[in-house]
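Just so you know, these numbers use all the heavy atoms, side chains as well, and skip hydrogens, waters and symmetry mates. Remember, it's a predicted structure, so these values are computed and weren't measured experimentally.
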Amino acid sequence: MAGGGKNKSEVETELKIRLSPSEMEKVFKSLSRKEGVSGVSHKYLPRMYYDTPDMALYKNGISLRVQYKMGQGGRIGSYEQTVKIDLDPSSPLAKGVLLRKECKDVVDSHKPVL
């Protein structure tokens, strides 16, 4: 990936949990009662996922996302492109856990850099 030269990669273990809106509200309320937590906030992180017309990336365990990252201290933000590649599905992880290689780079706009 070309961009701002700030590319990095990491291995991510991801646990996806499906919650109804009422269950999510219970989680937020529970977190807000924890000692040292001043409040629960929401972030707006616009993002776009890309694939080929025949879904070739998805079929090969790859996802491509470009996400807007907010700037700090009043500065304009930037766009971060992330490519995630599924790793060996036969690993002895709990059901529902994904193991993926994740590569990130700063790009100039919401359009991916191939």
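Within the structure, salt bridge (charged side-chain N to carboxylate O under 4.0 Å, His left out) contacts touching residues 49-74 (residues at least two apart or in different chains) are Lys69-Glu80.
Summarising the geometry of Val66 relative to Ser109, their closest heavy-atom pair is CG1-O, 3.7 Å, with the distance given to 0.1 Å. Here the closest non-hydrogen pair linking Tyr50 and Pro112 is CZ-CD, 3.4 Å.
To the nearest 0.5 Å, atom CG of residue Leu64 and atom CE of residue Met48 are 11.5 Å apart. Taking CD1 from Ile85 and CD from Glu102, the interatomic distance works out to 10.5 Å, rounded to the nearest 0.5 Å. Taken from NZ in Lys84 to NZ in Lys104, the straight-line distance is 7.5 Å, to the nearest 0.5 Å. Interatomic distance, Met70 CE to Ser78 OG, rounded to the nearest 0.5 Å: 11.5 Å.
When the side chains of ILVMFWY residues are joined at heavy-atom separations under 4.5 Å, either directly or via intervening members, Tyr49 and Leu114 end up in two distinct hydrophobic clusters.
Side-chain contacts under 4.5 Å among hydrophobic residues (ILVMFWY), followed directly or transitively, place Met55 together with Tyr58.
Contacts of Ser20 classified as side-chain contact (heavy atoms from CB on, under 4.5 Å), with partners at least two apart in sequence or in another chain: Ser22, Glu23.
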